[in-house]
**Q** 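One structure, pasted below without further comment.
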Amino acid sequence: MIRVLRSIDGTLREDPDLTSHAAPAVPASPRAAAAGASLHRFVEELAAENKAVLDSLTDPMLKRSLERGLRGR
Amino acid sequence: MSPAPPEPAPPVRRALLAFEGGGAKGLVHLGALHAIEESGRFEIAGVAGTSAGAMIAALVAAGYTAEELFALAGPPPAEQRGAAPHAGFRTVLDTLGIADATQVFGPASWHRLEGRRRLFAWGLRGAAAALAGGLLMAAVALLLFGAWGCYAGLLAVLAGTGWLAASLLWGGADLAGVRDIFDAALRRKCPAAQAANRRVTFADLPHLRICAANLTLRRLEVFSAQTSPEIAVADAVCASICFPFAFRPWPILRDGNRGTELHLDGGLISNLPAWCLDEERRLDTDAITLAIAIRDTGQHRRPTRRDWLGAMLRTTIFGGEVLSTRGAGPIEVLRLDTQVELLAFDIDKEAALREVREQRRATAALLATRVLGFPDRLRDATRSLRAAASAWERSVSIGLGIEAPPADSIRVALALPEDHLTGGVVLREGKAAVRSLTLRFGAGFEGWADEGLVLPLAGTTIGEAWTRQEAAFRFLDTPDSAFRGPGNQHRAQRMRPNLAWVLGVPVAIPFPAPETEASGPAILDAVVVVDGLTQVPPERAARAAFVAALETLISKEIFPTFRTSQPGEQP
């Protein structure tokens with residue numbers, strides 16, 4: 001579904017006439033499938049490497065710090 | 001069959017480094033520096049530091065590499081070294097003929113420093129116990145020797161307290177030895193100063209900034225080639241590391257009629273001076289700032305209302321990181337923690353080596369996750385998506401019989417929830433607090449000012465997509481379609497002109513942080529933003545056909561590249 005919005009009096013409202021409820025059965029393009037697979041494989045590998053680094057640290061404070069840092073905090 | 005062409009080398013990015021102060025905790029920086037250099041992805045264009053961070057910053061600015069400062073490659077494991085546990089292990093101090101860090105201070109100063117370290121360790125509890133003990137002795141003296149004995153006991157307590165106070169105020173260690181050794185280290189990399197037999201000044205190191213607290217002028221002092229070209233870098237370093245009570249305030253003779261000014265540790269005001277590289281960031285907008293922060297998260301006991309002095313000092317020094325890392329342009333704060341104590345300059349080499357190695361591993365993991373590998377992949381994905389969307393747009397314009405859009409029509413970006421206080425992204429577990437999204441990893445945004453734009457969730461197409469977790473689309477050709485209102489002036493000015501439409505598609509991107517019991521798998525919720533210049537005729541039929549074609553773009557290109565956050569729609 002794609003909600004089509006329009007601005008009416010400065011407020012975003014849905015345009016029911018144009019909002020699309022179609023869900024076309026379109027296969028993934030080879031490029032998108034490859035890009036997605038590559039991204040997800042990379043993430044899995046890096047997550048595994050990061051876990052190995054975390055497990056190898058002996059300084060518990062650094063370990064906690066890294067755990068938070070890896071989650072973007 | 002010809003072999004596949006080698007992948008192009010990843011781009012090298014100019015980096016501005018900021019190092020936080022932390023006394024002996026500054027070992028953290030050596031590990032971080034190793035990881036930054038080993039990545040091979042950064043060209044250091046400027047450095048700033050406070051306290052221990054000032055030392056590292058000055059040495060890096062002079063041209064020392066991480067390996068020269070603290071060799072990691074050399075030493076074999078301890079068990080193979082037998083009686084000579086540090087054989088082969090070298091630091092910059094070894095090259096200067098100094099056996100360990102304590103020698104830098106000299107015996108007298110190190111003795112004083114030791115005394116203060118014990119005093120800090122005792123804290124208020126220790127002082128209170130000593131006072132109570134003195135008063136108890138006075139009471140015992142009263143019982144044994146009468147009033148005169150009591151007077152003598154009280155006098156002794158008073159004298160002891162006075163000695164302690166005087167010692168704290170005036171008896172700090174002297175940094176003259178540190179200044180000379182540090183200058184000698186800098187001269188090795190600065191032939192002009194070596195040849196002229198003079199100290200290395202800021203004029204010799206134009207890309208260096210050092211922060212200290214100027215007691216005479218009662219303000220923060222930023223030493224740099226612009227503000228103080230004649231000042232010796234080693235003097236500024238001594239000013240910056242001059243931790244109150246541990247060291248005597250450091251005097252620097254200034255030019256003109258300013259006379260001698262006293263300084264203390266810059267950490268009292270700004271311990272992580274990423275902000276003072278703002279001019280460099282504005283001049284070089286592609287450069288990234290890497291701020292190496294030392295977290296002080298507390299192996300220390302929780303403070304109580306009676307025992308708060310140590311916690312106050314730590315909060316003063318480390319608590320202002322959020323303020324110190326304010327600044328223009330891209331900045332990544334790498335927070336590292338350590339069990340090494342603030343004044344543990346006598347840490348043994350084995351422990352130091354372990355520490356630096358672990359910090360190097362941790363920094364490399366943070367860089368790969370937050371600065372290099374993962375962000376690179378997201379950028380690749382938006383670029384690939386842009387190419388696909390451009391092809392899609394051309395075919396749609398032919399199908400609808402409308403004018404072909406220009407080749408650079410399509411742009412793709414990710415709208416990410418960012419933590420504007422601490423930097424970094426907000427993962428799914430923190431999603432409830434998100435109020436805005438920031439456009440990142442733009443493909444096709446080159447030359448446009450709206451990359452990095454912060455979009456409120458309320459009143460924007462992208463915000464609607466995020467809030468309702470449904471794809472949202474908008475034609476932007478109606479008169480009131482641009483950002484409106486006084487709060488949006490800046491955003492409206494930065495928007496690409498002639499933008500015809502914008503699409504936001506919510507996606508859930510797996511994040512390369514290990515799963516935790518508390519938070520589960522790491523997921524980065526984001527909105528894929530695609531916008532373009534295709535002018536679709538205002539007739540309903542044409543617009544409906546364009547929207548229907550967008551469904552194909554989403555199903556065929558966007559969802560397979562990322563992952564939908566809508567249940568049941570994952571291809």
Side-chain angles (χ1 to χ4, degrees), chain A residues 1-12 14-15 17-40 42-73, chain B residues 295 297 299 334-339 354-355 358-359 361-362 365-366 368-370 373-374 377 380-381 384 388 419 422 424-427 459 461 464 468 470-474 478 480-481 484-485 510-514 516 519 522 540 543-544 547-548 550-552 555-557 560-562 571:
Chain A
M1 172 180 170
I2 302 176
R3 289 179 70 237
V4 177
L5 305 169
R6 59 183 305 192
S7 179
I8 300 170
D9 300 330
T11 306
L12 274 190
E14 185 176 335
D15 184 338
D17 288 348
L18 284 180
T19 288
S20 158
H21 296 277
V26 182
S29 79
R31 170 164 41 189
S38 164
L39 174 65
H40 294 115
F42 177 82
V43 168
E44 279 172 19
E45 287 170 5
L46 185 54
E49 277 175 36
N50 286 343
K51 188 171 186 320
V53 172
L54 271 172
D55 291 343
S56 74
L57 296 179
T58 57
D59 182 334
M61 295 174 77
L62 177 59
K63 200 168 180 162
R64 277 199 299 274
S65 217
L66 180 60
E67 262 171 350
R68 277 190 297 265
L70 289 175
R71 294 185 86 88
R73 286 176 285 156
Chain B
R295 282 189 96 118
T297 45
Q299 61 183 352
L334 305 176
R335 297 178 179 85
L336 300 162
D337 206 339
T338 173
Q339 290 198 90
R354 190 171 56 245
E355 184 68 28
E358 294 211 343
Q359 300 291 353
R361 282 207 296 276
L366 286 173
T369 306
R370 296 178 50 175
F374 183 55
R377 295 300 173 124
D380 288 348
S384 157
D419 185 331
T422 59
V425 291
V426 178
L427 296 186
T461 311
E464 282 284 315
R468 299 182 63 125
E470 286 171 348
F473 175 81
R474 193 172 158 201
T478 54
D480 65 346
S481 61
R484 292 166 72 86
F511 196 79
T516 65
S519 311
R540 287 259 154 198
R543 299 216 151 180
V547 172
L550 283 169
E551 290 280 8
T552 309
S555 305
K556 193 176 172 185
E557 306 291 351
T561 303
F562 297 101

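Computation of the quantities below employed the complete heavy-atom set of this structure, encompassing side-chain atoms and omitting hydrogens, waters and symmetry-equivalent molecules. Lettering of chains follows the sequences in order, A, B, ..., and the numbering in each one begins at 1.
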**Q** Of the backbone (N, CA, C, O) and the side chain (C-beta and beyond), which part of A/L39 lies under 4.5 Å from a heavy atom of chain B, both, or neither?
**A** side chain
**Q** Can you tell me how far the NE2 atom of A/H40 sits from the CZ atom of B/F562, to the nearest 0.5 Å?
**A** 8.5 Å
**Q** Under 4.5 Å from any heavy atom of chain A, what part of B/Q359 do you find: side chain, backbone, both or neither?
**A** both
**Q** Under the 3.5 angstrom rule, does the side chain of A/N50 hit a backbone N or O of B/P512 as a donor-acceptor pair?
**A** yes
**Q** Give the minimum heavy-atom separation between A/S29 and B/E557, together with the two atoms involved.
**A** OG-OE1, 2.7 Å
**Q** Within the structure provided, determine whether B/L336 and A/L62 are in side-chain contact (heavy-atom separation under 4.5 Å).
**A** yes
**Q** Keeping A/R71 on the side-chain end and B/P514 on the backbone end, is there a donor-acceptor pair under 3.5 Å?
**A** yes
**Q** Heavy atoms only: give me the nearest B/A368-A/L46 pair and the separation to one decimal.
**A** O-CD2, 3.5 Å
**Q** Ring pair (Phe, Tyr, Trp, His ring centres under 6.0 Å) with B/F511: which residues, sequence neighbours excluded?
**A** B/F374
**Q** Starting from the C-alpha separation in whole Å, work towards a yes-or-no answer on side-chain contact (heavy atoms from CB on, under 4.5 Å) for B/R361 and A/L57.
**A** CA-CA 8 Å; B/R361 282 207 296 276; A/L57 296 179; 4.3 Å; yes
**Q** Indicate the atoms forming the closest heavy-atom contact of B/E358 with A/D59, along with that distance.
**A** OE1-N, 3.1 Å
**Q** How long is the gap from CZ on A/R31 to NZ on B/K556, to the nearest 0.5 Å?
**A** 10.0 Å
**Q** If I take atom CZ from residue A/R3 and atom OG1 from residue B/T461, how far apart are they, to the nearest 0.5 angstrom?
**A** 10.0 Å
**Q** Taking all non-hydrogen atoms of both residues into account, name the closest pair between A/I2 and B/A472 and its distance.
**A** CG2-C, 4.4 Å
**Q** Select, from A/S20, A/A48, A/A35, A/A37, the one with the greatest count of heavy-atom pairs under 4.5 Å involving chain B.
**A** A/S20
**Q** Find the one option among A/L5, A/V53, A/L54, A/L66 whose heavy-atom pairs under 4.5 Å with chain B are most numerous.
**A** A/L5
**Q** Contact between B/R335 and A/R68 at the side-chain level, heavy atoms closer than 4.5 Å - yes or no?
**A** no
**Q** Would you please name every residue forming a side-chain contact (heavy atoms from CB on, under 4.5 Å) with A/D17, sequence neighbours left out?
**A** A/D15, B/R540
**Q** Flag yes if more than 12 heavy atoms outside A/K63 fall under 6.0 Å of its NZ atom; otherwise flag no.
**A** yes
**Q** Give the member of B/A544, B/A381, B/P510 that has the highest number of heavy-atom pairs under 4.5 Å with chain A.
**A** B/P510
**Q** Which heavy atom of A/G69 sits nearest a heavy atom of B/L366, and at what distance?
**A** C-CD2, 3.5 Å
**Q** Is the closest side-chain heavy-atom distance between A/L12 and B/R474 below 4.5 Å?
**A** yes
